[in-house]
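Quick notes on the structure that follows.
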Amino acid sequence: MALMDNEEVKKGKKTYDLKIIKWLFGFTTPYRIFMALALLFMLLTAALELTVPYIAKLAVDKYIYPSWRIAELTDKETDKKLVSEIKEKYPSLVLPLENGSFLIDMSEIDNVDRHNLEKLDLVSHERYLAINQDELVGEDYKKVSAIVAKNESMFNKAGGYDYISYSSLDNLSRQDLLVLRSGEIKQVVRLASILFLCLFGVFIFSSFFTYLLNYSGHKIMHKMRVDVFYHIMKLPQTFFDKNPVGRLTTRVTNDVNAINEMYTSVMVQFFKDVLVVIGVLVVMFYMNKELTVFVFILTLLMLIFASLFRMRLKTVYRDVRRSIAKLNAFVQESVRGIILIKLYNKEIENLEKFKGVNSENYKANMDQLWVYATFRPFIEFTSVFTVAFVLWYGGLKVLSLDLTLGALIAYLYYVRLLFRPIMELAEKYNIFQSASVATENLYDLANAVPEESSGINDGEIRGELEFKNVWFSYDDKEWVLKDVSFKLEPGETVALVGLTGSGKTTVVNLILRFYEAQRGQILFDGVDIKNYSPDFLRENISAVFQDLFLFGKNITDGHHGNLNQLSGIKNINQLTQSDRNSISSGEKQIVSIGQAFSKRAKFMILDEATSHIDANIEKYIQETIKNNGNDVTTLIIAHRLSNVREADRILVIHKGEITESGTHFALLAKKGIYFNLYNLQNEIRRFSSLQN
Ligand SMILES: Nc1ncnc2c1ncn2[C@@H]1O[C@H](COP(=O)(O)OP(=O)(O)OP(=O)(O)O)[C@@H](O)[C@H]1O
Ligand SMILES: [Mg+2]
């Protein structure tokens with residue numbers, strides 16, 4: 001049930017992925033409205049971004065660059081037909097001139113018609129500014145009439161219009177020019193204001209969506225973290241045997257972060273990017289098909305190239321992650337084992353090892369750097385190349401009237417909009433990559449089966465315990481307990497002794513349901529412990545473990561009811577208030593025993609609970625146990641046999657089997673394992689007292 005490592009192959013990838021996505025989306029449920037709003041604001045931003053170049057195009061084509069040209073008429077039938085068609089189609093844009101040719105506003109007519117006119121070589125290259133004096137009123141009319149009158153030689157008349165060639169405009173004074181073009185200047189100012197509003201809108205809407213996305217992202221992350229942490233706490237002991245602390249820490253911290261990052265900067269943005277790209281292509285296509293097809297082909301080539309890079313990126317990225325994990329593990333281990341390193345003078349050796357691990361990380365980073373260093377510039381190069389191409393090809397088109405100047409300017413802007421998402425692809429891919437790995441990991445974690453929690457939850461406890469032919473193995477390979485049977489009557493004090501690794505702590509683990517026995521039965525008050533909820537069982541059994549781990553103050557709070565009374569010597573309250581690193585092993589045991597006593601459970605387990613405690617306090621504890629009398633069933637595990645002499649019964653466990661059982665004296669008389677152990681310890685004691 002160990003969490004799979006990132007690189008491990010997953011079976012049934014498709015359905016597995018779907019399940020993961022479903023699971024992930026489950027977290028977004030309460031924030032769908034925020035997501036939808038964010039998406040809406042994003043689309044508005046995208047729409048405004050698309051509008052900006054178009055406004056520029058309008059300003060150039062309609063108002064800045066004069067758009068009237070003279071179309072000459074020839075006698076050819078096809079020409080006549082075309083011209084009459086155009087006249088009919090755009091009556092207000094076509095001004096007949098005296099010689100049969102006419103003035104036409106090229107900015108307003110269809111691409112096709114413009115193209116046809118150009119193909120027939122009917123349109124002048126010279127541009128004209130045409131002013132309809134009838135449309136002017138008051139002051140403006142007077143001023144313009146004055147200018148026209150003053151420069152009569154430069155102006156010609158056509159219909160109600162006075163027109164002047166673009167090149168002649170140079171000959172006008174600056175002031176006259178401003179007056180003459182005041183209408184257009186007004187329009188340009190108006191468009192510039194709209195453009196400014198658009199950009200302001202982009203600013204406002206993108207602030208909104210950034211805020212909304214991050215707000216919901218943090219909420220989701222918050223909830224996910226709590227869920228994952230809660231789930232971890234419910235997982236069975238076997239899970240923790242297989243999953244190192246570091247890995248679980250990463251799940252709760254980094255992995256959740258990675259998902260948040262993907263949510264805020266990839267998932268929703270992706271929609272926007274796709275829409276912008278589509279929008280840009282559509283607008284470009286509308287302006288000029290041919291040029292757009294070229295740009296599109298270049299974009300496709302770039303995408304193919306980017307995906308090649310992506311593959312390479314995947315490997316280098318994985319290497320970097322691996323090397324960071326290695327580095328972390330190494331530092332963690334070194335700090336934890338600093339005493340051993342110092343004791344064996346391994347500082348230099350350890351440093352050398354660290355240098356090795358560190359240079360692995362360096363190499364991985366360099367590989368990544370190389371990929372980045374070539375990818376981005378390449379994309380940049382391609383985009384500049386595309387811009388240059390658009391400038392060249394589009395320039396030709398402008399000259400041949402296929403494209404307006406404004407459209408070309410807009411084009412250049414759109415090309416940049418088109419390439420921006422592709423440029424960001426590499427970074428986004430990075431985020432996406434780590435997030436998808438993180439999601440898989442978290443999904444696996446969230447689906448690890450938690451400990452059974454149902455079962456008997458209340459009732460009186462007598463404190464009777466029976467092992468009936470219990471077989472147990474941690475790894476399903478080697479039996480640690482073999483056919484173990486024994487019974488503890490309520491109120492009895494029983495000792496469990498045996499050599500190191502014989503299975504004593506394992507017995508305790510089974511009683512507390514940290515593990516389940518493969519065969520046989522464990523009965524508590526005559527009921528199989530599988531029928532109790534683990535919480536209830538643990539509430540009614542107080543246990544002191546061999547490997548102590550003290551929590552900070554908050555967890556021990558409220559539990560040290562009679563600690564002071566117990567210690568007699570040390571002020572336990574003070575001890576528990578202190579930092580757990582600075583408390584001695586014996587003191588730790590005192591605190592734990594105090595907590596166990598204060599629980600006042602009917603069943604008590606002490607696994608090597610007094611191994612670090614001095615004889616004075618140990619005696620005090622033994623007395624307390626004795627004073628508990630017939631009330632509390634006690635199981636004592638101890639290596640120092642002098643501690644268990646007083647027990648009602650002693651069980652000897654050897655290589656996972658109960659080999660002897662009886663009182664201290666009965667076992668001595670039996671001359672078995674217990675007898676040997678006891679003698680050995682006595683001999684050692686005698687030997688050391690002789691030496692003194
Ligand atoms: N979580 C575990 N996973 C796999 N094997 C384990 C685990 N815990 C203990 N063992 C193995 O099971 C056997 C019995 O271990 P146990 O802790 O019960 O011994 P013990 O009698 O308490 O020893 P000690 O006197 O040293 O405390 C040992 O060989 C040990 O290596
Ligand atoms: Mg043990």
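For ligands, and for the atoms within them, numbers begin at 1 and follow the listed sequence. We count residues from 1, following the sequence as given. Worth knowing before you read on, the calculation uses all heavy atoms, side chains too, and leaves out hydrogens, waters and symmetry mates. Worth saying up front: this structure is predicted, and the values here are computed from it rather than measured.
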Q | Among Lys504, Lys242, Glu478, Lys477, closest by any non-hydrogen atom to atom 20 (P) of ligand 1 | A | Lys504
Q: Please state whether Gly503 comes within less than 4.0 angstrom of ligand 1, counting heavy atoms only.
A: yes
Q) For Lys363, does the NZ atom sit with more than 12 other heavy atoms under 6.0 Å from it, leaving out its own atoms? A) no
Q: Answer yes or no on whether Lys671 is positioned over the face of Phe675, meaning its NZ or CZ is under 6.0 Å from the six-membered ring centre and within 45° of the axis.
A: yes
Q) Which class fits the ring pair Tyr674 and Tyr678: parallel under 30°, tilted 30 to 60°, perpendicular over 60°? A) parallel
Q.
Would you say that more than 12 heavy atoms from the other residues, nucleotides or ligands in this model lie under 6.0 Å from the CD of Gln681, or not?
A. yes
Q: Identify, for atom 4 (C) of ligand 1, the protein heavy atom at the shortest distance, and state residue, atom and that distance.
A: Tyr474 CB, 3.3 Å
Q: Classify the ring geometry between Phe354 and Phe330 as parallel (under 30°), tilted (30 to 60°) or perpendicular (over 60°).
A: tilted
(Q) Is the contact between Glu608 and ligand 1 made by the side chain, the backbone, both, or neither, using heavy atoms and a 4.0 Å cut-off? (A) neither
Q: Could you tell me how the ring of Phe514 sits relative to the ring of Phe545: parallel (under 30°), tilted (30 to 60°) or perpendicular (over 60°)?
A: tilted
Q. In the protein, which heavy atom is nearest to atom 27 (O) of ligand 1, and how far is it?
A. Gln546 NE2, 2.6 Å
Q | Close-contact set for ligand 1 against Tyr515 heavy atoms, below 4.0 Å | A | 1 (N)
Q: Report yes or no: does Asn350 contribute a side-chain atom to a donor-acceptor pair with the main-chain N or O of Lys346 at less than 3.5 Å?
A: no
Q) At what distance is the nearest protein heavy atom to atom 23 (O) of ligand 1, and which residue and atom is it? A) Gly501 N, 2.8 Å
Q. Can you tell me which residue and heavy atom of the protein come closest to atom 26 (O) of ligand 1, and the distance to 0.1 Å?
A. Thr500 CG2, 3.2 Å
Q | Part of Val480 within contact of ligand 1 (heavy atoms, under 4.0 Å) | A | side chain
Q) With a cut-off of 4.0 Å, which atoms of ligand 1 are near a heavy atom of Ser502? A) 19 (O), 21 (O)
Q) Got a protein heavy atom sitting under 4.0 Å from atom 31 (O) of ligand 1? A) no
(Q) Using the rule given for side-chain hydrogen bond (donor to acceptor under 3.5 Å, both in side chains), can you reason through Glu451 versus Ser453, listing the C-alpha separation, both sets of side-chain angles and the distance that settles it, and then say yes or no? (A) CA-CA 6 Å; Glu451 205 174 39; Ser453 63; over 6 Å; no
Q: Report the nearest protein non-hydrogen atom to atom 15 (O) of ligand 1: residue, atom name, distance rounded to 0.1 Å.
A: Thr506 OG1, 3.6 Å
Q. Should the ring pair Phe472 and Tyr474 be called parallel, tilted or perpendicular, given that the plane angle runs from 0 to 90° and is split at 30 and 60?
A. perpendicular
Q: Check if Asp475 has a non-hydrogen atom at a distance under 4.0 Å from any atom of ligand 1.
A: no
Q: Give the contacting part of Asp241 toward ligand 1: side chain, backbone, both or neither, where contact means a heavy-atom distance below 4.0 Å.
A: side chain
Q: Determine whether more than 12 heavy atoms belonging to other residues, nucleotides or ligands lie under 6.0 Å from atom CZ of Phe467.
A: yes
Q) Any N/O of His639 closer than 3.5 Å to an N/O of ligand 1? A) yes
**Q.** Angle, OG1 of Thr505 through the Mg ion (ligand 2) to OE1 of Gln546 - 10° precision
**A.** 90°
Q. Looking only at heavy atoms, is any part of Phe472 under 4.0 Å from ligand 1, and if so is it the side chain, the backbone, or both, or is it neither?
A. neither
**Q.** Heavy-atom nearest neighbour in the protein, as seen from atom 22 (O) of ligand 1, with distance rounded to 0.1 Å
**A.** Thr505 OG1, 2.6 Å
Q. Salt bridge between Glu352 and Lys355, side-chain N to carboxylate O under 4.0 Å?
A. yes
